[in-house]
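One structure below.
Quick note on labels: first sequence line is chain A, next is B, and so on, each numbered from 1. Just so you know, these numbers use all the heavy atoms, side chains as well, and skip hydrogens, waters and symmetry mates.
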Amino acid sequence: MSDRTVPAASDPAAGAAPGHGPSIPYRFEPDATAAALAAEHGHLEPGTETDQVVTVAGRLMLRRIQGKLGFGTLQDGTGRIQLFAPSATTPDFEGFGALSLGDWIGVRGIVMTTRRGELSVRADEWVLLAEARRQFPDKWHGLTDTETRYRQRYVDLWVTEDSRRTFVLRSRVVSLTRQFLEARGFLEVETPVLHPIPGGALAEPFSTHHNALDQELFLRIAPELYLKRLVVGGFERVFEIGRVFRNEGMSTRHNPEFTMLELYQAYADYHDIMALVEELVAHLATEVCGSTTVAYGDRELDLSAPWRRATMDELITEHTGLEVSVDTPIDELRHECDRLEIPWEDGDGTGKLLLELYEKTVESVLWDPVFVIDYPVEVSPLSRVHRERPGYTERFEAIVAGRELGNAFSELTDPDDQRSRMEAQARAKDAGDSEAMVVDEDYLRALEYGLPPTGGLGIGIDRLVMLLANVHSIRDVVLFPTLRPEQD
RNA sequence: GCGCCUCUAGCUCAAUGGCAGAGCGUCGGACUCUUAAUCCGCAGGUUCUGGGUUCGAAUCCCAGGGGGCGUACCA
């Protein structure tokens with residue numbers, strides 16, 4: 001940290017006294033933004049002085065002092081606007097010239113253009129709002145060090161325009177999703193984050209401890225089981241957008257905490273949910289990207305509805321030539337896995353082996369959106385059995401750009417079937433599968449009161465934002481991604 | 001977890017076993033229409049940490065730490 005002289009405040013309207021900390025006003029009231037000024041006055045001829053007085057605030061990002069005439073570039077939440085500061089009219093001109101890049105200032109003055117035509121606010125009054133005691137990054141190169149960008153997002157957002165743009169986009173996606181669902185009669189709810197029994201997904205949870213109850217609790221891996229309890233409770237269309245936590249590896253696509261959209265619609269099946277998903281995603285793309293055709297990496301992605309629907313089995317056939325199903329003899333499936341160098345375990349049934357074959361040979365090469373439908377019962381403990389295909393469930397995953405965007409099914413409503421599936425999961429857990437589920441007696445009790453036919457969906461919001469923002473690391477769509485603690 | 005890459009001034013980067021440097025920024029000075037303003041000057045370093053090799057290490061070796069990418073697991 002370098003020594004800095006602190007400019008004196010000059011704005012009498014703010015009631016500020018000169019000096020150090022105490023001179024910083026307690027409030028400030030801007031009445032214009034950079035973007036609004038550009039929109040309203042972008043057409044002004046060079047050398048114009050309007051009689052309109054505005055107040056702007058933001059950080060000083062560039063500064064050009066030329067003797068008795070100063071120029072500054074102020075950046076606010078909407079963009080940049082030039083400040084024009086002649087010594088003749090600028091209070092405490094010396095102090096203005098001594099401002100550092102990164103200082104927050106408030107400026108009041110007329111809207112004008114310079115002789116070169118640059119739209120500016122003349123600094124007829126100004127006040128320091130916060131001192132940047134730490135130096136801002138290079139004004140031209142910005143921040144390239146990803147670690148600093150993630151750890152000091154408060155700096156990154158100022159100097160990396162794409163970063164700010166991405167997080168604004170993320171906010172819009174979440175907001176538009178809420179509007180979309182509310183317009184269709186969905187009720188937004190909040191269910192517990194602390195779960196006595198982790199459930200609703202196959203994943204390893206974080207555990208914690210409640211002192212007063214002297215009880216182990218788990219950070220939720222999915223809100224699913226609580227949301228379906230609410231459908232039992234008569235909320236026929238519910239959704240939740242919330243953080244879930246999975247104690248697994250980290251990568252460009254995995255953060256230990258991430259945001260999930262889950263929704264449940266009574267009387268609907270997975271076909272209805274597919275229609276909802278393709279409509280939602282196309283709507284979001286149109287709103288935030290201006291088109292259902294979006295750039296992702298060096299390719300284009302066509303998100304327009306309808307999306308292709310294909311069963312997992314037919315996709316395996318398409319990509320490997322293998323004619324397989326859950327009825328294929330297990331030795332044959334094991335042999336094919338061996339041939340394709342896909343590891344398997346003794347406990348894996350034909351359903352699990354099919355899933356492995358699909359994931360290793362098909363998923364990553366799918367590009368435009370595909371609803372991969374009909375997953376084996378064995379790997380889908382919360383999905384209802386298929387109405388026509390024994391051994392399968394009415395489940396789909398939406399795959400976009402080779403990655404799972406969402407997972408959905410006709411929900412399993414039968415309490416007896418659900419019990420036996422949970423017991424099978426519990427046996428797997430006892431056998432050492434740390435991601436398997438355990439039996440949730442209260443959830444089974446809820447099902448015994450009656451869950452109507454229901455379609456359910458989970459979408460990873462982070463990954464959806466990655467697609468729409470055209471970024472390739474989840475850390476670029478999470479404001480404060482999980483990192484190891486900094487060393488001193 | 002494992003593999004590969006990486007870490008030098010506030011930021012962006014040089015220095016390829018031989019005096020740790022530049023640009024921007026900071027600080028001081030000049031300059032009344034600049035646009036990454038320009039010009040002059042000063043300051044700024046545990047080269048991630050700890051060992052080792054060497055006459056000599058930012059550089060080579062070993063161990064540790066942070067980060068990135070890939071992979072495994074998954075959304």
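No side-chain donor-acceptor contact under 3.5 Å links A/Tyr358 and A/Asp313.
Judged by distance alone with a 3.5 Å cut-off, no donor-acceptor contact links the side chain of A/Asp145 to the base of B/G67. Between the side chain of A/Gln135 and the base of B/G25, at least one donor-acceptor pair of N or O atoms lies under 3.5 Å.
Note on A/Thr114: every side-chain N or O is 4.0 Å or more away from OP1 and OP2 of B/U32. For B/A72, neither phosphate oxygen OP1 nor OP2 lies less than 4.0 angstrom from any side-chain nitrogen or oxygen of A/Lys360.
Residue contacts shown for A/Ser87 include a base, since a base heavy atom lies under 4.0 Å away. Residue-level contact check: A/Arg484 touches the backbone only, with heavy atoms under 4.0 Å from sugar-phosphate atoms and none from bases. Among the heavy atoms of the strands lying under 4.0 Å from A/Ile65 is at least one base atom, whether or not backbone atoms are also near. Counting any heavy atom pair closer than 4.0 Å across all strands shown, A/Glu118 reaches a base atom. In this structure, A/Gly460 reaches neither bases nor backbone, as no heavy-atom distance under 4.0 Å exists between it and the strands shown. Within the 4.0 angstrom heavy-atom criterion, base atoms lie near A/Gln82.
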Sequence neighbours excluded and cut-off under 3.5 Å, please list the side-chain donor-acceptor pairs for residues 401-408 of chain A, or say none.
unit_1	atom_1	unit_2	atom_2	d
A/Arg403	NH2	A/Tyr296	OH	2.9
A/Asn407	OD1	A/Arg395	NE	3.0

Taking only distance into account, with no hydrogens and no angle test, what donor-acceptor pairs under 3.5 Å do side-chain atoms of residues 339-347 of chain A form with protein atoms, sequence neighbours excluded?
unit_1	atom_1	unit_2	atom_2	d
A/Arg339	NE	A/Glu336	OE1	2.8
A/Arg339	NH2	A/Glu336	OE1	2.9
A/Trp344	NE1	A/Asp338	OD1	2.8

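Rounded to the nearest Å, the gap between the C1' atom of B/A20 and that of B/A57 is 12 Å. Annotation: B/U12 and B/C7 have their P atoms spaced 13 Å apart (nearest Å). Between the C1' atoms of B/C19 and B/C11, the separation comes to 26 Å (whole Å).
Distance from the side chain of A/Gln66 is smallest to B/C33 among B/A72, B/G68, B/C33. For A/Arg64, whose side chain is taken as the heavy atoms from C-beta onward, the closest listed nucleotide among B/U32, B/A37, B/C33 is B/A37. Listed nucleotides B/G67, B/C33, B/G25 differ in distance to A/Arg115; the shortest reach to its side chain belongs to B/C33. Relative to the side chain of A/Arg151, the nucleotides B/G25, B/C69, B/G66 differ in distance, and B/G66 lies closest.
Judged purely by atom type and a 3.5 angstrom limit, A/Asp156 has no side-chain atom pairing as donor or acceptor with the backbone of A/Val159.
Across all strands shown, B/A63 forms a Watson-Crick or G-U wobble pair with B/U49, both key distances being under 3.5 Å. With a cut-off of 3.5 Å on both Watson-Crick or G-U wobble distances, the partner of B/G70 is given as B/C2.
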When you compare the protein's N or O atoms with those of nucleotides 5-9 of chain B, which come within less than 3.5 Å of each other, and at what distance?
none

